[in-house]
Amino acid sequence: AVSVLKPVAAAGIAGLNAGNLAVYDPHGAVSGFLKDLSIPFAAVDSLDALPKGTKVLVVGKDALDAREASSSRLAALAARGMRLVVLEQEHPLRYQGLPAEMAAAANAGRTAFGEDLEHPALRGLQQKDFFTWGADRLVYRNAYAKPGRGARSLVQCDDNLRFTALAEVPVNDGLMLLCQLQVCDQITANPVAKQLALNLLDYAATYKLEFSPVAVALEEGSQVAKALDAMGLEY
């Protein structure tokens, strides 16, 4: 079985422009992709020089050094309502850089599995699309350990599927999309990588924090009730 893909941008991307979309991309792969699609953006040479109206920030391949990956700077931007798409990094976010219970890891592989193909970030893609990309067939590198709390894994991979190659991390009203799939390396030729990049941009542009009321019917003081309290669930 094969997939025939024509990467399509969803409607939310239409609201992005040079006034609200900033791209920090030293290697230029994402910038070139956006230019080919005539999606306007503001190119920045440093995270210190973000335009005032930035709503969505894309961080391109290997843009973060070890010091920046450990800094709380990106998490602080998300906490103020910004939506960040952080693509594959040699130095993934860690320590203060991760506002969730998850950890950076060292690994690499050629097969990954979507955990919710109905999620907007995986729109139009199937399980078989996360199998052997490009000449070296590498699909992910340095995927994070799956989060214990504060984040959601969207694409799982590696040893016993204990790692996440794509995770979403809500931070107050903002959002961090952490992607260790090899999107930038494949974006010029691989339609899966192109569709994934468009999906992430669209999801970031349209993301809105929503709260759902939760009711719980349990014996007071039960172990499950204590677990829900420990998770911080409001019910």
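Between N107 atom CG and D158 atom CG the span is 4.0 Å, to the nearest 0.5 Å. Here K61 contributes atom NZ and E90 contributes atom CD; the two are 9.0 Å apart, rounded to the nearest 0.5 Å. If you take CD1 on I187 and CG on L34, they are separated by 7.0 Å, rounding to the nearest 0.5 Å. Expressed to the nearest 0.5 Å, how far CD1 of I39 lies from OG of S31 amounts to 11.5 Å. R137 contributes atom CZ, which lies 15.5 Å from atom CD of Q182 (distance to the nearest 0.5 angstrom). A distance of 7.0 Å separates CG in L57 from CG in L74, rounded to the nearest 0.5 Å.
Side-chain atoms of D173 never come within 3.5 Å of backbone atoms of G81 as a donor-acceptor pair (strictly under, hydrogens ignored). The closest donor-acceptor contact from the side chain of H119 to the backbone of A121 lies under 3.5 Å. No side-chain donor-acceptor contact under 3.5 Å links R83 to the backbone of T206. In this structure, the side chain of N17 engages the main chain of N20 through a donor-acceptor pair within 3.5 Å. Not one N or O on the side chain of N160 forms a donor-acceptor pair closer than 3.5 Å with the backbone of R162. With S70 contributing its side chain and A66 its backbone, the two residues share a donor-acceptor pair below 3.5 Å. Between the S222 side chain and the A225 main chain, a donor and an acceptor come within less than 3.5 Å of each other.
No side-chain heavy atom of L77 sits under 4.5 Å from any side-chain heavy atom of T54. Looking at heavy atoms from C-beta onward, L37 lies out of side-chain contact with I13 at the 4.5 angstrom threshold. Side-chain contact check for L181 versus F130: some heavy-atom pair is nearer than 4.5 Å. Contact check for V58 versus L200: no side-chain heavy atoms found under the 4.5 Å cut-off. For the pair L98 and L178, the minimum side-chain heavy-atom distance is below 4.5 Å. Contact of the V169 side chain with the P99 side chain is registered, since non-hydrogen atoms from C-beta on lie closer than 4.5 Å. Counting only heavy atoms from C-beta outward, the side chains of V30 and F41 never approach each other to under 4.5 Å. A heavy-atom distance below 4.5 Å is not found between the side chains of Y140 and V155.
In terms of heavy-atom proximity, E115 sits nearest to Q156 at OE2-CB, 3.4 Å. The two atoms that bring A29 and C184 nearest to each other are CB-O, 3.7 Å, heavy atoms only. Shown here for G12 and A205, the closest heavy-atom pair between the two residues is O-CB, 3.7 Å. The nearest pair of heavy atoms linking A69 to L64 is N-CB, 4.4 Å. Closest of all the heavy-atom pairs between L138 and Q186 is O-NE2, 4.4 Å. Summarising the geometry of G124 relative to L5, their closest heavy-atom pair is O-CD2, 3.8 Å, with the distance given to 0.1 Å.
Annotation: D229, atom CG; neighbour count of heavy atoms from other residues, nucleotides and ligands within 6.0 Å is above 12. More than 12 non-hydrogen atoms from other residues, nucleotides or ligands lie less than 6.0 angstrom from OH of Y235.
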task: Apply side-chain contact (heavy atoms from CB on, under 4.5 Å) to the pair R141 and Q180, showing each step before the final yes or no.
output: CA-CA 6 Å; R141 188 191 301 275; Q180 290 298 117; 5.5 Å; no
field: side-chain contact (heavy atoms from CB on, under 4.5 Å) between L117 and Q127, worked out
entry: CA-CA 8 Å; L117 294 178; Q127 292 292 10; 3.9 Å; yes
task: Please test S3 against Q126 for side-chain contact (heavy atoms from CB on, under 4.5 Å), starting from the C-alpha separation and ending with a verdict.
output: CA-CA 8 Å; S3 293; Q126 303 176 53; 4.0 Å; yes
- request: Would you sort out whether E168 and Y207 count as a side chain to side chain donor-acceptor pair (under 3.5 Å), showing the intermediate values?
  value: CA-CA 11 Å; E168 62 171 333; Y207 173 79; over 6 Å; no
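Hydrophobic clustering places V44 together with L47 (ILVMFWY residues linked when any side-chain heavy atoms are closer than 4.5 Å, directly or through intermediates). Note on L16 and V8: separate hydrophobic clusters, where clusters join Ile, Leu, Val, Met, Phe, Trp and Tyr whose side-chain heavy atoms are under 4.5 Å apart, directly or indirectly. The cluster map of Ile, Leu, Val, Met, Phe, Trp and Tyr, joined by side-chain heavy atoms under 4.5 Å apart, puts M102 and L93 in the same cluster. Taking hydrophobic clusters as Ile, Leu, Val, Met, Phe, Trp and Tyr residues chained together by side-chain heavy-atom distances below 4.5 Å, V139 shares a cluster with L87. Transitive grouping of hydrophobic side chains (ILVMFWY, heavy atoms separated by less than 4.5 Å) brings L198 and L177 into a common cluster.
R73 has a carboxylate O that lies under 4.0 Å from a charged side-chain N of E68, or vice versa, which qualifies the two as a salt bridge.
Scored by the side chain to side chain donor-acceptor pair (under 3.5 Å) test, T164 finds S153 as partners (sequence neighbours excluded).
Each salt bridge (Lys or Arg N to Asp or Glu O under 4.0 Å) pair with one or both residues in residues 116-130, not counting sequence neighbours, appears once here: D116-R152.
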